[in-house]
J.: 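One structure, pasted below without further comment.
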Amino acid sequence: MSIDLILSERFGFRSFRQGQREIIEDVLDGNDVFAMLPTGSGKSICYQLPAYLLEGIVVVVSPLISLMEDQVEQLRRQGEKRVCTFHSGMPYHVRMKILRDLTRYKILYVSPETLQTDTLSGTLSRMKVALFVVDEAHCISQWGHEFRTDYLKLGEVCNRIGRPPILALTATATVNVRNDIIKLLNLDRPEMHIYSVDRPNIAFQSEIAETTNEKMDILIRYVQTLKGPGIIYTSSRMVTETITEALKRNGVEKTAYYHGGMENDDRLLTQKQFIYDELDVICCTNAFGMGINKPDIRFIIHYHFPSNIESYLQEIGRAGRDGEESLALMLYHEDDDFIPERLITAELPTKKDINHFSVMVDVDKPDRTLFEQSITSLNLSETAERFMHFHVEKFFREEERDFQTWKNQLVEFIEKRIKEKRERIRYMKKWILSEECKRESILGAFSEKLVTRPLNCCHVCGLSLEPYKSSKEKSPRPVIKSWEEELAIIFHQVNVDV
DNA sequence: CGTGGTTAGCTTAAGCTAACCACGGTGCGTTAAT
């Protein structure tokens with residue numbers, strides 16, 4: 001069966017979008033593939049379609065449980081029942097049943113953490129795995145080194161389950177991040193499919209405030225005049241709540257906040273309200289956004305800047321998926337520099353911590369239990385603690401281990417990581433403050449040149465804010481949905497209520 | 001930097017103020033205690 005036939009019969013599309021055919025052909029040839037496609041361009045087809053042609057199961061590593069659930073649900077709606085996910089939120093007996101029947105499935109969605117467990121990787125190692133997919137592959141580089149170290153072990157796990165061909169998918173990765181992913185996943189001469197990260201319908205605007213109060217005033221003024229829906233990003237949970245209150249006091253009623261400290265149910269509810277247009281504005285930390293496929297987001301405002309330019313691109317990339325004019329507004333005040341600096345140092349142990357550690361353990365007769373206990377008594381941040389556990393595990397896996405060498409390398413590595421992270425913050429700040437074209441310089445960060453400049457480019461090139469303002473007389477937007485879509489929404493909600 | 005929580009120290013001893021300090025963001029999984 002040809003891939004065009006499967007595309008129309010299984011997925012209901014007449015033709016491939018940019019990049020999809022080439023990527024699928026390389027995957028079917030059994031090559032390792034690295035693909036960078038802009039958000040919303042149909043990345044999942046690149047492994048879902050080959051699943052019908054390859055012998056064995058396709059294992060997809062995904063960063064969020066909600067993302068995995070969404071994908072499974074969507075495929076089931078399309079009529080494909082041979083897909084599943086496997087995670088801690090599922091009842092024990094359901095998980096066991098899936099394990100028993102795993103050979104019957106075509107696609108399995110799983111987190112990097114669960115994939116490490118012997119129950120799952122053991123079962124997979126005894127069957128044929130056709131393809132190993134890493135979705136949102138930039139997470140390997142962005143989260144793997146400290147926050148979710150299981151991302152660093154994906155290469156190993158892939159070997160354990162028979163080293164099938166690997167497909168790494170992402171929407172944003174600088175050349176450095178690409179190389180990091182290739183190295184950590186152990187990709188073998190991968191076929192590279194890199195497409196432009198430019199989003200011509202997103203215009204850039206920045207405002208530099210003299211004081212924090214002024215920044216808040218500017219924010220409120222913009223939100224009052226801009227056409228929604230929109231997202232406001234900040235770097236602090238508390239600030240999301242402060243901004244929400246301030247906006248409500250100033251006439252922007254349909255506003256809510258969202259951050260990782262909230263109850264799961266509240267997060268889900270707020271997210272749904274935003275997607276179904278019950279909210280105009282959402283004030284959030286970087287917890288919000290991954291997997292949000294709302295097509296008509298009109299503005300993204302940064303009240304604080306993210307700590308690197310890929311995160312920034314990810315965040316603004318959530319606007320204008322429908323192709324309509326959208327605005328990315330950056331608000332800056334010099335006090336903002338403090339937060340990202342604090343965050344990067346808090347996620348790693350200091351040299352002093354490492355010295356403390358080496359005093360506590362017996363250097364000549366290394367004992368695993370004592371090592372682990374000593375980490376706990378260092379009183380590190382959760383992320384720094386995770387980092388230490390990962391490196392201790394690595395130490396005990398070495399046959400000829402030497403504590404001093406390990407320690408020196410660790411300290412060196414920490415210094416290198418902090419230096420890199422500072423450099424990335426510095427680059428982000430340079431972008432904010434530079435007097436050059438915002439679009440050209442952001443493309444430059446991805447080693448790309450601007451080909452055509454859109455009419456509304458950025459405030460440096462000259463920008464009219466008129467297209468982004470809300471019109472006084474609000475005509476109700478016609479909502480045209482196919483009956484399939486309507487049904488899907490109804491079923492979705494039924495599932496949620498039960 | 002800004003903020004919120006804690007504590008020392010003052011005082012017609014229970015509640016106030018001021019000084020000080022810690023902290024700021026992303027999620028998976030498992031387990032212990034009811």
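Keep in mind that what you see is a predicted model, and the values were worked out from it rather than measured. For the numbers below, each heavy atom of this structure counts, side chains included, while hydrogens, waters and symmetry mates do not. Throughout, protein chains are lettered first and strands after them, A, B, ... in sequence-line order, and every chain is numbered starting at 1.
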J.: Taking the same atom, C1', in B:dT26 and in B:dA33, what whole-Å distance lies between them?
T.: 29 Å
J.: Mind checking the C1' distance from B:dT11 to B:dC16? Whole angstroms is fine.
T.: 9 Å
J.: Counting only Watson-Crick pairs (N1-N3 plus N6-O4 or O6-N4) and G-U wobbles (N1-O2, O6-N3), all under 3.5 Å, who is the partner of B:dG29?
T.: none
J.: A:I243 CD1 to B:dT3 P: how many Å, rounded?
T.: 12 Å
J.: Generate the contact string for nucleotides 28-34 of chain B. Rules: B means base contact, S means sugar-phosphate contact only, - means no protein heavy atom under 4.0 Å.
T.: SS-----
J.: Nearest-Å distance, NZ (A:K421) to P (B:dT26)?
T.: 15 Å
J.: Is there a Watson-Crick or G-U wobble partner for B:dA14 with both distances under 3.5 Å, and if so, which one is it?
T.: none
J.: Paired with B:dC20: which nucleotide, if any, by Watson-Crick or G-U wobble criteria at under 3.5 Å for both distances?
T.: B:dG5
J.: With DNA chain B as reference, determine whether A:F338 or A:A287 sits nearer its 5' end, using the nearest nucleotide of each.
T.: A:F338
J.: Would you check if A:Y303 and A:T240 make a side-chain contact, meaning some heavy-atom pair closer than 4.5 Å?
T.: no
J.: Stacking between B:dT26 and A:F147, yes or no? Criterion: centroid separation under 5.5 angstrom, plane angle under 30 degrees.
T.: yes
J.: Send over the distance from A:H259 NE2 to B:dC23 C1', rounded to a whole Å.
T.: 15 Å
J.: Using whole Å, what does the distance between atom P of nucleotide B:dC1 and atom CD of A:E334 come to?
T.: 10 Å
J.: When you compare B:dA14 with B:dA8, how far apart are their C1' atoms, in angstrom units rounded to a whole number?
T.: 15 Å
J.: Taking only N and O in the side chain of A:R342, is any of them less than 4.0 Å away from OP1 or OP2 of B:dT3?
T.: no
J.: Do A:F395 and A:H391 make the cut of ring centroids closer than 6.0 angstrom?
T.: no
J.: Closest approach of A:S374 and A:L370, non-hydrogen atoms and distance?
T.: OG-O, 2.6 Å
J.: For A:H145 and B:dT26, what is the distance between atoms NE2 and P respectively, to the nearest whole Å?
T.: 21 Å
J.: Can you check the distance between B:dT31 and B:dG27, where both ends of the measurement are the P atom (answer in whole Å)?
T.: 22 Å
J.: Quick check on the 6.0 Å ring-centre criterion: do A:F305 and A:W431 meet it?
T.: no
J.: Measure CD/A:E347 against P/B:dT26 and give the value in whole Å, please.
T.: 13 Å
J.: Taking the basic N atoms (NZ, or NE/NH1/NH2) and the acidic carboxylate oxygens, is any pair closer than 4.0 Å for A:R221 and A:D217?
T.: no
J.: Tell me: CD1 of A:I339 to P of B:dA22, nearest whole Å?
T.: 19 Å
